[in-house]
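Here the structure is laid out as structure tokens; the discussion comes afterwards.
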Amino acid sequence: MLSPSAPPTVRSTGWPIPAAQHFMDLRAVAPLALLSWPAARPLCATPLLAQVLDAEAAWRHHDYERLLHGGKKHSSKALLRPAVDALAGAAALHMADHLLNCEETEARETVAPLGGAAAARAAALTAYLRHLPGSSLPLQLALTPRAPRGPGRRWLADALHERERQRTRHVA
């Protein structure tokens, strides 16, 4: 995706987006998966990666609670900073990439429970990740807990698709 010969668009939650924006989507989904842990555990590719993320998530949750109850500002840094362990970081990004490569319906059905579990731990941080500046509109739609259904949903999806198509055309 970073090479000059790479295609200008990739798919995120079933929609075409600029390739550069895919990295912002990864930046939103990887911490959301760790924040929602253990709800995201079934999405791990292997039992070893699940064990690695068990330890990473436990450490992050403990650090978050310590900072939150210790009166420290920026307690969310415990959940947002990159993993110190390369394997844990790769596992979280792999899980995020898997979620982003799902089609829209599957992504929505998979990501929605993660959003709920994350919001139970840190509602404001979850809301921030749902609308992370620079993340794609399709991802934001997939992360929105109560998107319209039926004709309203189709209209919103069509509008988002057209907006992404226009943005992609300008990027290329």
Side-chain angles (χ1 to χ4, degrees), residues 11-15 17 21-149 152-153 156-157 160:
R11 296 190 66 76
S12 178
T13 63
W15 296 78
I17 63 167
Q21 201 168 35
H22 181 75
F23 295 98
M24 287 306 297
D25 285 2
L26 285 172
R27 174 73 179 96
V29 176
L32 182 70
L34 286 170
L35 179 59
S36 68
W37 202 263
R41 195 175 202 283
L43 301 174
C44 283
T46 68
L48 173 64
L49 295 180
Q51 288 178 335
V52 168
L53 289 177
D54 281 339
E56 180 73 19
W59 178 80
R60 285 174 184 260
H61 295 173
H62 173 75
D63 199 34
Y64 171 74
E65 291 296 325
R66 181 184 61 79
L67 291 171
L68 186 66
H69 296 294
K72 302 285 183 182
K73 291 184 177 181
H74 309 294
S75 56
S76 62
K77 285 184 180 181
L79 299 165
L80 292 176
R81 67 176 160 246
V84 174
D85 179 58
L87 184 58
L93 288 171
H94 182 269
M95 191 175 2
D97 186 60
H98 170 74
L99 288 169
L100 293 175
N101 284 319
C102 295
E103 288 302 316
E104 181 184 8
T105 303
E106 182 186 357
R108 188 165 177 68
E109 290 171 357
T110 305
V111 171
L114 301 185
R121 178 165 283 119
L125 179 56
T126 302
Y128 171 73
L129 291 172
R130 282 185 174 132
H131 303 288
L132 186 69
S135 64
S136 71
L137 291 172
L139 176 63
Q140 291 178 21
L141 179 63
L143 292 174
T144 302
R146 290 193 180 105
R149 300 205 184 271
R153 167 104 175 127
L156 180 58
L160 287 173

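Hydrogens, waters and symmetry mates play no part in the numbers below; they use all other heavy atoms, side chains included.
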On a heavy-atom basis, which atom in [X] and which in [Y] lie closest, and how many Å separate them?
X    : Y    : value
A28  : L129 : CB-O, 3.7 Å
S12  : S136 : OG-OG, 3.9 Å
G134 : M24  : O-CB, 3.4 Å
L143 : V111 : CD2-CG1, 2.7 Å
W37  : A50  : CZ2-O, 3.7 Å
G115 : L32  : CA-CD1, 4.4 Å

Atom pair [atom1] ([X]) and [atom2] ([Y]), whose distance is rounded to the nearest 0.5 Å:
X    : Y    : atom1 : atom2 : result
L125 : R130 : CG    : CZ    : 10.5 Å
I17  : H22  : CD1   : NE2   : 7.0 Å
Y64  : L80  : OH    : CG    : 10.0 Å
R11  : E104 : CZ    : CD    : 10.0 Å
L49  : L53  : CG    : CG    : 6.5 Å
R81  : L34  : CZ    : CG    : 11.5 Å

Requested in this report: Take L114 and L99 through the test side chain to side chain contact (heavy atoms under 4.5 Å, CB included) and record every step on the way to the result.
Outcome: CA-CA 11 Å; L114 301 185; L99 288 169; 3.9 Å; yes
Query raised in the report: H61 versus L79: any side-chain heavy-atom pair under 4.5 Å?
Result: yes
Query raised in the report: Do S135 and Q140 touch side chain to side chain, with heavy atoms closer than 4.5 Å?
Result: yes
Report task. Indicate yes or no for a side-chain donor-acceptor contact from S36 to the backbone of A33 under 3.5 Å, with no hydrogens or angles considered. Result -> yes
**Report entry** Salt bridge flag under 4.0 Å for residues R60 and D63
**Finding:** no
Requested in this report: List the steps and the verdict of side chain to side chain contact (heavy atoms under 4.5 Å, CB included) for R108 and T13.
Outcome: CA-CA 8 Å; R108 188 165 177 68; T13 63; over 6 Å; no
**Report entry** Pairs meeting criterion salt bridge (Lys or Arg N to Asp or Glu O under 4.0 Å) with involvement of residues 23-34, two or more places apart
**Finding:** none
